[in-house]
Amino acid sequence: MKQLMLGNEAVARGLYEAGCGFVSSYPGTPSTEITEAAAKYPEIYAEWAPNEKVAMEAAFGAALAGTRSFCGMKHVGLNVAADPLFTIGYTGVNAGMIIGVADDAGMHSSQNEQDSRHYAKSSKIPMVEPADSAEGLAFAQMAYELSERFDTPVLLKMCTRVSHSQSVVEPGERVQAPAKPYEKNGAKYIMMPGNAKRRHPVVEDRTKALTEYAETAPFNRVEPGSDHSLGILTASTSYQYVKEVVGDRYPVFKLGLAWPMPEQAIRDFAASVDKLVVVEELDGFIEDHCRNLGLNPVGKDTFSCIDELSQNIVAAKLGCPVHTGPKLDVNIPARPPVMCAGCPHRGLFYTLNKLKLTVLGDIGCYTLGAVPPLAAIDTTICMGASVSGIHGFLKASDPAQSKKTVAVIGDSTFMHSGVTGLINIAYNESNATVIILDNSITGMTGHQQNPTTGFNLKGDPCTKIDLENLCRAVGIRRVRVVDPYNLAECETAVKEELQAEEPSVIISRRPCALLKYVKHKAPLTVDPEKCKSCKMCMKIGCPAISITGGVAKVDATLCTGCGVCEQLCKFDALCAPKEV
């Protein structure tokens with residue numbers, strides 16, 4: 001029976017129907033829901049790995065053992081997994097293996113715009129690219145066949161709009177793929193130089209075979225049009241924009257096999273139209289391929305390589321009518337993202353700002369500590385960079401800098417990439433203070449479990465990594481835990497650890513305020529007679545507090561009763577409601 005599915009859910013359904021038996025991923029928007037949906041099928045073993053490199057290596061191990069496997073990540077996660085990616089491109093696979101990667105054009109939840117198609121080309125691994133949910137389901141199934149036919153992992157590229165939009169799919173039944181027995185083959189799987197040299201020609205021959213396959217691959221199709229003055233070559237969500245704008249007016253060559261692309265089929269299409277236009281988001285990947293074929297398409301000279309495309313952008317560039325809806329008569333005030341009311345990170349960041357410290361930040365919802373009025377973060381680069389970065393920052397600075405510099409990192413991010421940086425601090429002896437923001441969950445991507453929570457992806461109890469003992473085990477002697485709701489405790493701990501003459505770790509521990517099991521106190525109230533409109537309570541940037549008529553006001557529907565603002569008020573105007 002047909003039904004609406006998110007693109008990510010449809011990919012998971014495709015994995016299920018194709019007989020996938022093993023999934024290992026690290027959550028990252030916009031890819032997260034693929035693994036969460038796959039975990040709902042009891043026939044699929046699914047897990048959250050500590051990071052994307054581990055996930056890819058685990059998925060390779062499962063494929064090596066003879067089970068169809070999948071690993072998923074967002075575009076920057078593929079950077080983390082690039083090491084195994086390039087080498088398993090050489091080894092090939094046993095059972096089919098799909099690597100899901102979701103790009104984020106427009107940077108809705110990312111630190112950069114990155115076009116993952118370049119990874120397919122440089123690693124010499126085929127990539128398929130669905131344009132809607134139905135293709136997400138179908139392409140996942142077909143990708144396993146492609147993987148096993150050509151003895152290669154296959155990249156399946158999603159993007160924010162395809163991942164998080166719904167369209168109609170028709171689910172089918174699961175077809176259990178026969179297990180492929182593992183056979184020892186050192187020449188294929190042991191990538192020491194002598195073997196790797198012999199595998200490289202195999203990979204080049206595979207690329208040639210895949211290029212020939214691309215000429216008639218079922219992933220690609222040409223859709224006819226009545227007006228051949230223009231022909232459009234496109235893929236993914238850009239295809240959806242094109243079709244909404246031009247309908248059946250112009251011929252459209254839709255690429256579903258993003259790499260390798262066909263050659264003669266594209267030449268033939270170009271010859272059938274007066275002008276070839278390439279519509280694609282981010283880099284001119286398809287355009288460059290066309291130019292290498294001797295064609296001269298309209299491409300990035302017309303369509304920007306920055307940000308997302310849209311129907312109106314495509315329409316304007318193609319000279320088609322641009323549809324504008326009714327305009328509002330008033331300007332909607334900006335609503336920048338802020339930490340949630342009751343966020344356990346707020347008190348800690350207030351303290352860091354108050355002490356005027358240099359703060360090397362990391363990837364997570366706590367990156368919002370950079371937003372005024374907290375404005376407490378100096379850098380955000382990538383997962384784990386705060387811990388590695390503070391070591392280099394202090395080694396290259398005057399020794400006094402260690403007394404006014406800290407690194408902050410979340411518990412999940414610490415397990416992902418922070419541990420090795422902390423080992424470097426201990427091993428190479430920089431006097432760094434690292435603050436682990438332990439909110440007992442992976443918050444930014446929607447409350448996924450991680451190795452510090454004590455539960456696995458299925459919600460079953462599992463081994464819980466003890467952060468205190470882990471930090472001590474890698475060589476950090478000074479480890480202490482603070483409650484970020486207690487401002488005095490936070491300030492004392494930070495000051496004392498900054499004065500220490502050895503590296504230290506502060507664990508700021510309190511569960512995320514949005515976790516279902518967290519019980520909140522009653523909302524605070526404001527005594528208008530005591531409020532002096534000093535606005536000290538506004539310095540923490542809590543969305544539950546506002547100033548109305550010159551007096552502080554607490555929104556009872558948002559306030560969690562954390563008490564951080566109460567500690568800032570010198571006039572006792574903020575207080576818990578009196579018991580009746």
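For this chain, numbers begin at 1 and follow the sequence in order.
- The CG atom of Asp483 sits 7.0 Å away from the SG atom of Cys490 when rounded to the nearest 0.5 Å.
- Between the side chain of Asp103 and the main chain of Ala105, no donor-acceptor pair closer than 3.5 Å is present.
- No donor-acceptor distance shorter than 3.5 angstrom exists from the side chain of Ser504 to the backbone of Ala500, with no hydrogens or angles considered.
- Residue Thr160 holds its OG1 atom at 3.5 Å from CG of Asp104, rounded to the nearest 0.5 Å.
- Between Ser31 and Tyr26, the side chains place no donor N or O within less than 3.5 Å of an acceptor N or O (distance only, hydrogens not considered).
- Salt-bridge formation is detected for the pair Glu280/Arg117: a Lys NZ or Arg NE/NH1/NH2 atom is positioned less than 4.0 Å from an Asp or Glu carboxylate oxygen.
- With no hydrogens or angles considered, a side-chain donor-acceptor pair links Gln448 and Glu36 at under 3.5 Å.
- Side-chain atoms of Tyr485 and Glu566, non-hydrogen and from C-beta on, never get closer than 4.5 Å to each other.
- Glu113 places no side-chain N or O within donor-acceptor distance of the main-chain N or O of Leu282, the cut-off being under 3.5 Å.
- His108 and Glu308 share a donor-acceptor pair across their side chains, judged by distance under 3.5 Å alone.
- At a threshold of 4.0 Å, the pair Glu468-Arg480 does not count as salt-bridged, since none of the basic side-chain nitrogens sits closer than that to a carboxylate oxygen.
- Scanning both residues, Pro543 and Met339, for their nearest heavy atoms gives CD-O, 3.5 Å.
- When all heavy atoms are compared, the tightest approach of Thr433 to Ile390 is O-CD1, 3.7 Å.
- The shortest non-hydrogen separation linking Thr413 to Gly384 is CG2-N, 3.8 Å.
- Of the charged side-chain nitrogens involved, at least one lies within less than 4.0 Å of a carboxylate oxygen, so that Lys403 and Glu501 count as a salt-bridged pair.
- A donor-acceptor pair under 3.5 Å links the side-chain atoms of Asp362 to the main chain of Ala385, judged by distance alone.
- Although no hydrogens or angles enter the test, the distance criterion places a donor-acceptor pair under 3.5 Å between the side chain of Asp115 and the main chain of Asp283.
- Nearest heavy-atom pair across Cys471 and Leu422 is SG-CD2, 3.8 Å.
- At least one donor-acceptor pair closer than 3.5 Å links the side chain of Ser167 to the backbone N or O of Ser133.
- In this structure, Ser25 contributes its side chain and Gly72 its backbone to a donor-acceptor pair below 3.5 Å.
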> Going through the checks in order, is the salt bridge (charged side-chain N to carboxylate O under 4.0 Å, His left out) test met by Lys495 and Glu491?
Replying inline: CA-CA 6 Å; Lys495 284 181 176 178; Glu491 185 171 342; 2.9 Å; yes
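- A donor-acceptor contact closer than 3.5 angstrom links the side chains of Glu52 and His416.
- Checking side-chain atoms of Ser163 against main-chain N and O of Cys159 turns up a donor-acceptor pair under 3.5 Å.
- Ion pair Lys458/Asp460 not flagged as a salt bridge, since none of the NZ, NE, NH1 or NH2 atoms sits closer than 4.0 Å to an Asp/Glu carboxylate oxygen.
- Formation of a donor-acceptor pair under 3.5 Å by the Lys74 side chain with backbone atoms of Ser109 is found in this model.
- Using a distance-only test at 3.5 Å, with no hydrogens or angles considered, no donor-acceptor pair links the side chain of Thr463 to the main chain of Gly454.
- Under the 4.5 Å side-chain criterion, counting only non-hydrogen atoms from C-beta, Leu137 is not in contact with Val11.
- Classification of the Tyr366-His345 ring pair by plane angle, with boundaries at 30° and 60°, yields perpendicular.
- Shown here for Leu309 and Glu281, the closest heavy-atom pair between the two residues is N-OE2, 2.9 Å.
- Residues Asn312 and Ser310 bring no donor and acceptor atom of their side chains to less than 3.5 Å of each other.
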